[in-house]
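Remember, it's a predicted structure, so these values are computed and weren't measured experimentally. A, B, ... follow the sequence lines: proteins, then strands. Residue 1 opens every chain.
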Amino acid sequence: MSAALLATRALEARYDDFQALFGVDLETREGEVVAIIGANGAGKSTLLKTIAGLLPAPREAVRFAGEPIGGLRAGEIARRGIALVPEGRRLFASLSVEENLRMGRQSGRRGTWDLKAVFELFPALLEKRAAPATSLSGGQQQMVAIGRALMANPRLLMCDEISLGLAPIVVKGIYDALPKIAASGLTAIIVEQDVGLACHVSHRLYCLQEGRVVLSGPSDGFSREEISRAYFGAATEAGR
Amino acid sequence: MSGAAFSVERGGAASRLAGVVALIAIAFLCTAPWWAESGWMREFNEMACYLIFAMMWNLLAGYGGMVSIGQQAYLGLGGYTLVALGNFTGMNPFLAVPLGAIAAMAAAYPISRIAFRLQGGHFAIGTWVIAEVLRLTMANISAIGGGSGTSLIALRGIEKATRESITFWLCLASVVASVALVHGFLRSRQGLALLAIRDSEVASESQGVDVAQTKLWVYLVAAFGCGLAGALYYLGNLRISPDSAFSVNWTAFSIFIVMVGGIATIEGPIIGVIVFYLLNRLFSDYGTWYLVGLGLLAILVTTRFPKGIWGVVSARFDLHLFPVQRRLTRPPDHGMAPTPRDR
Amino acid sequence: MIGWLDTVVQGVLLGSLYALFAMGLALVFGVMRLTNVAHGDLVVLAGFGAIALAAQFNLGPLAAFACLLPLAAASGYALQRYVLNDTLGKDPLPSLVVTFGLSIVIQNMLQEVFSADPRSLSAGAIATASVRLVEGVTVGVLPLATFAAALLVALALQWFFARTAPGSAFRATSDDRETAELMGLDARVVYASATAIAFMLIALAGVLQTMRTTVAPADGPGLLIFAFEAVVIGGLGSFWGTFAGGILLGVTQAIGFRLDPGWGIWLGHVMFLAVLLVRPQGLFPRTR
């Protein structure tokens, strides 16, 4: 059994007075694809942002490759090998597609992912390389966002709702690229609204509900009913 | 949930006490011309003008979210209107004071059409440019003395003691009225709308608040107040010049007063002007070093104590002498603690 | 006719100096939405700095400028990193008040050290040398050099932002600070570097100003206003726009001076207000 690449322990997060995460324990092993599912507002994005360093965390609450990274700045965490594809893509509006991709290099990490490799993964981007990034379609922008994260040659890739706002066929095209990404040795955490898709592409899943983990385990080990109950909170009412 | 009756509370014990103290103080001050020295009354008048000007800057920046470095434009306009009316039409200058304020407010409307094209920091400098334009314009008009200014001659026929008394009462009345008006405005629906705009323009627009209209009104009211301060100041000073009337130092001092006293509060500028007065008395002889000190103090306060003196006191002791916010409370007989108050 | 041509040419040259004043202001506003009210005072401070260095070490203007440059870059970096970075955010008030306070401090400190009298930097032969372009139009070598400098700066800045990796980093941080940090950038360093560059431009502008004419401690606000007007007239988003804005302002002022010496600067202000009224986005804004 491989040791955990990323582990969170009793992780809490808050936005001013509002607490979004209550003691989340999560683990990802090297080479795994872990899915996080849950309703809107369950805390999925908050969890990724906290791991990525955009939100503060106690030092030992997040460990990566054996080192505590809680409380480090996002830039430092990126340099250590965690890349986040943020919710809503967040491409740089005044940069072209290629310039956006090159920004991924800022973390200074070298590896198999370079411009050539990204364009091979997403050929549709090649002819658009000089275009302003925000002039692309939603699906192509998502490809740029993923490519930008890959350019950092991370050890852990985190994707926040990459299917949001995209047509199913476009989503399929993007998720078809996932095996190639995984083949390069990346570990991935995927936040996904589409539960069926999430189960399909991941090895294990966590279900969040109001800031707490209510279900976790192998993705093919749960029935639809079990997941629904955890998702909508029916299973935990008595326990609160 | 039970149908418990909520109630909206406005004041508290502290504010009622403060109100009584204030009334006594004002009544006492009204008698000042009979026992105070004219030097003291002159200083009071000057500080009254600074307070009114600072309150207007606070209204704009602290409540309205519009940081202006050019309010001295309206102070100058108020002052020059007073002098022009007094010298050219022979009008009683005391009666001309409100006209100075009105003239400033009238000028604010067309100026706002230009200034409102800008946002944030650009708005700030843009207002300064407009003040400079006015300064240069006045300096080039020889009828009112051009660059070296002119004197208010219309008061020469009035006996000194009478003149000083009336000027003092006008300043006192203006300060009290300004505080009362700002307090009253902030307690009104328009005031609530203004606070909402400051927090989020988009959200308040979606709630039906006419953002543009409200901001315009606040800008006009602030211009009126600054014009009033200008008219009063030069009523007492008797000599006006473009460099003095349109000097950016007015804004510099009022920024200091508001930031040190406590921005976005009514108590803040009052405390700030007292601090300013004391510092003035103690250190103004040091000239440039005094100003350096004021500048550094303003920087320090803004970076370390952004809420100012009153902000710290008010938060620490939950004190509000001029209650503006609304507290939501539930009568205690339901056996539950009062609900947390809104901000 | 030739008289008017001469006026326009002089206006263009004057305007190029205004464009130089404006470059630093535009840079800082473009990267971090910071309006530095002390900008003009910093130009004056740089001028006095050059004068002091030249006097102390018996240097010519070029050498004084060379010494000033690293000082300017370092102080700009430090000011942004340790003071101004904390004032950035949605609310414009803190940065405005802090830079306003800085303006007061600089003006009064300069007055304390140098007294209120105007000073200038002796430029030697360059100050008086001139070149005749056409019959009736003579331009000074110094103004010509200023024009060349402004042109070069605009070119360099445009190239830096559009074609280099650090320039992309500046643009990215300006677009979306949080996501830029996800990439591995440290926004605090990006902002501080931008201000360091702006301060170097300020140093250049200050030295040229003090060679062209005198500087006095109280001159700051006036220079800020010229820089600001150039930025607004030109439009946000491009350094060429700022350059054009400066030129236009200079030409307007020159025409105003020719019509009546008392109304030169005033006419520039009026033109600025007119542009604001009619085309508030500026004459050459960059469309995104």
Given side chain to side chain contact (heavy atoms under 4.5 Å, CB included), test Trp128(B) with Leu224(C) step by step and report yes or no. CA-CA 10 Å; Trp128(B) 194 0; Leu224(C) 167 70; 3.5 Å; yes
Comparing His269(C), Glu112(C), Gln281(C), Lys90(C) against chain B, the one with the most heavy-atom pairs below 4.5 Å turns out to be Glu112(C)
Please state whether the side chain, the backbone, both or neither of Gln107(C) comes within less than 4.5 Å of a heavy atom of chain B. neither
Proximal component of Val232(C), with respect to chain B [non-hydrogen, under 4.5 Å]: side chain
For a side chain to side chain contact (heavy atoms under 4.5 Å, CB included) check, start with the C-alpha distance between Met259(B) and Leu93(C), then their side-chain angles and the critical distance, and finish with the verdict. CA-CA 10 Å; Met259(B) 295 306 297; Leu93(C) 182 77; 4.1 Å; yes
Nearest 0.5 angstrom please: Ile111(B) CD1 to Leu273(C) CG, how far? 9.0 Å
Which bit of Leu276(C) is near chain B, if near means a heavy-atom gap under 4.5 Å: side chain, backbone, both or neither? both
Distance (rounded to the nearest 0.5 Å) between Met109(C) CE and Thr288(B) OG1: 7.5 Å
Check step by step if side chain to side chain contact (heavy atoms under 4.5 Å, CB included) holds for Phe100(C) and Val248(B). CA-CA 11 Å; Phe100(C) 193 75; Val248(B) 78; 4.0 Å; yes
Under 4.5 Å, counting heavy-atom pairs only, tell me which of Leu294(B), Ile255(B), Thr251(B), Val292(B) racks up the most with chain C. Val292(B)
Can you check side chain to side chain contact (heavy atoms under 4.5 Å, CB included) on Trp266(C) and Val133(B), steps first, answer last? CA-CA 7 Å; Trp266(C) 185 89; Val133(B) 171; 4.0 Å; yes
Value for NE2 (His122(B)) from CG (Leu236(C)), rounded to nearest 0.5 Å, stands at 5.5 Å
Nearest atoms (heavy-atom pairs only) where Leu277(C) meets Arg113(B): CD1-O, 4.2 Å
Grab the two heavy atoms, one from Ala298(B) and one from Val97(C), that are nearest each other, plus how far apart they are. O-CG1, 4.4 Å
To the nearest 0.5 Å, atom OG1 of Thr35(C) lies from atom CG of Leu118(B) at 10.0 Å
Leading residue by heavy atom contact count with chain C [cutoff under 4.5 Å; candidates Ile263(B), Leu297(B), Ile125(B)]: Ile125(B)
Between Ile104(C) and Ala252(B), what is the shortest heavy-atom contact and its length? CD1-CB, 3.8 Å
Atom CD in Gln119(B), atom CZ in Arg33(C): separation rounded to 0.5 Å? 11.5 Å
Atom CH2 of Trp217(B): over 12 foreign heavy atoms under 6.0 Å: no
If I compare all heavy atoms of Pro92(C) with all of Gly121(B), which pair ends up nearest, and what's the gap? CB-N, 4.3 Å
Atom pair CH2/CG of Trp263(C) and Leu136(B) - distance to nearest 0.5 Å: 8.5 Å
